[in-house]
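Counting convention: from 1, in listed order, for ligands and their atoms alike. Below, all heavy atoms of this structure are taken into account, side chains as well, without hydrogens, waters or symmetry copies. Here, residue 1 is the first one in the sequence, and each next residue gets the next number.
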Amino acid sequence: MFRLPQLEYKLTELAPLFSEEQMQFHYGKHHATYLENLNKAIEANGALASKTLEALVLENSGPLFNNAAQAWNHTFFWFNLAPKGKGGAPSAELSAALQKSFGGLESMYKQFVDTGVKTFGSGWAWLCAGPEGDLKLVSTSNAEVPFKGSNLRPLLTADVWEHAYYIDYRNRRQAFLEAMKDYLNWNFISENYRNKNVRSLHQSMKG
Ligand code: MN
């Protein structure tokens with residue numbers, strides 16, 4: 001059984017990026033529903049019970065993939081956010097990579113916003129690292145993850161499903177993505193860059 005991950009901040013602490021109401025719906029209802037559906041599928045098929053969340057994402061398709069991947073994507077999204085002023089700064093190693101791949105953080109983030117704005121319909125914008133440490137921006141549709149069928153590992157993501165921002169921003173996806181810049185958890189993002197494996201999220205989600 002998987003459960004909602006514990007967050008290192010209160011649901012009120014990301015305001016004004018996200019209001020408490022936005023967080024209650026997104027974390028407390030949307031994310032929770034993916035987990036409920038995933039748990040129902042696991043209950044119905046005992047062979048799935050011992051699987052990590054990552055294995056469920058990598059080994060399945062259809063509804064099981066969708067719910068496992070959305071559980072994973074949302075946890076990653078919450079972990080890459082922090083209250084304003086509490087997210088630290090990019091590590092020296094990550095700063096150098098940002099400089100090399102994009103000419104710096106500002107330029108990368110502008111292109112990250114653009115990647116999110118141009119994602120058609122529902123999906124996710126990602127900053128990923130390749131095996132050589134090179135950085136790349138990726139857009140995925142619906143529940144798709146950037147690490148399935150590729151050698152990329154995610155560092156940072158933005159949920160661009162309308163449910164992620166519609167309570168606070170209505171149709172203003174770009175305004176939401178621009179506001180997110182001040183709420184990034186650079187400690188988490190830098191750790192993802194340092195770790196050569198995709199961060200395992202299942203431990204913090206197992207009930
Ligand atoms: Mn979402």
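By the 4.0 Å N-to-carboxylate-O rule, Arg194 lies too far from Glu93 to be salt-bridged with it.
Qualifying ring-ring contact (aromatic ring centres under 6.0 Å, His included) partners for Tyr169, counting only residues two or more places apart in sequence or in other chains: Phe176.
No side-chain donor from either of Ser122 and Asn142 sits under 3.5 Å from a side-chain acceptor of the other. One side chain, Gln70 or Asn73, offers a donor N or O that lies under 3.5 Å from an acceptor on the other. A donor-acceptor contact closer than 3.5 angstrom is absent between the side chains of Ser139 and Trp126.
Listed by chain and residue number, the protein N/O/S atoms under 2.8 Å of the Mn ion (ligand 1) are His26 NE2, His74 NE2, Asp159 OD2, His163 NE2, with waters left out.
Considering only heavy atoms from C-beta on, Gln174 comes within 4.5 Å of Glu178 through its side chain.
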